[in-house]
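This chain uses plain numbering: 1 for the first residue, then up along the sequence. Treat the numbers as computed from the prediction; the structure is a model and nothing was measured.
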Amino acid sequence: MKSSSIFRTALVLALVAGVTACKKPDEAVGPAQKAGAAIDSVGEKAAAQLHENIDKANQAAEDMRERAKTSGDELANAAKDAAQDANKGISKATEEVGKKVEKAGEKIQDAAKQ
């Protein structure tokens with residue numbers, strides 16, 4: 001009886017040892033998995049760098065659009081001011097011509113009265 005109890009205990013221990021020995025460790029990583037992980041890591045870093053560069057390019061484009069808009073607004077304002085100045089100049093010139101025509105008309109009337 002004593003030997004059967006020892007035999008059972010030994011058998012149970014052998015089964016437990018066999019089951020735990022056959023179990024693969026969760027963190028066992030083979031060479032292919034390591035290479036795949038390295039490739040994934042490089043790919044993630046490259047993608048992050050690419051996205052960063054795209055974000056920088058988009059920001060630069062937005063800055064250029066804003067500067068172009070500002071420059072365009074300034075150019076439009078300058079053209080408007082120039083047009084207003086030209087209009088004032090034309091009005092003044094027209095007024096001067098009108099005065100000279102009026103003076104010429106007065107001279108003609110004076111000459112006709114004599």
Of all residues at least two apart in sequence or in a different chain, which pass the side-chain contact (heavy atoms from CB on, under 4.5 Å) check with Gln84?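 Scan of Gln84 (side-chain contact (heavy atoms from CB on, under 4.5 Å), adjacent residues dropped) gives Lys80, Asp81.
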
For Gln49, check side-chain contact (heavy atoms from CB on, under 4.5 Å) against everything at least two apart and list the hits.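 Expected list: Glu52, Asn53.
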
Side-chain (Glu44) to main-chain (Ser41) donor-acceptor, under 3.5 angstrom: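 Not a single qualifying donor-acceptor pair exists.
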
Lys99: side-chain contact (heavy atoms from CB on, under 4.5 Å) partners, not counting sequence neighbours: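 Counting only residues at least two positions away or on another chain, Lys99 forms a side-chain contact (heavy atoms from CB on, under 4.5 Å) with Glu95, Glu96.
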
Any side chain to side chain donor-acceptor pair (under 3.5 Å) pairs touching residues 61-76, not counting sequence neighbours?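 Pairs touching residues 61-76 that pass the test: Gln59-Asp63, Glu62-Arg65.
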
Qualifying residues under side-chain contact (heavy atoms from CB on, under 4.5 Å), relative to Ser91, sequence neighbours excluded: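 Ser91: side-chain contact (heavy atoms from CB on, under 4.5 Å) contacts with Asn87.
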
Remaining members of hydrophobic cluster (4.5 Å side-chain criterion), Leu50: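 Ile54, which link up through side-chain heavy atoms under 4.5 Å apart, make up the rest of the cluster.
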
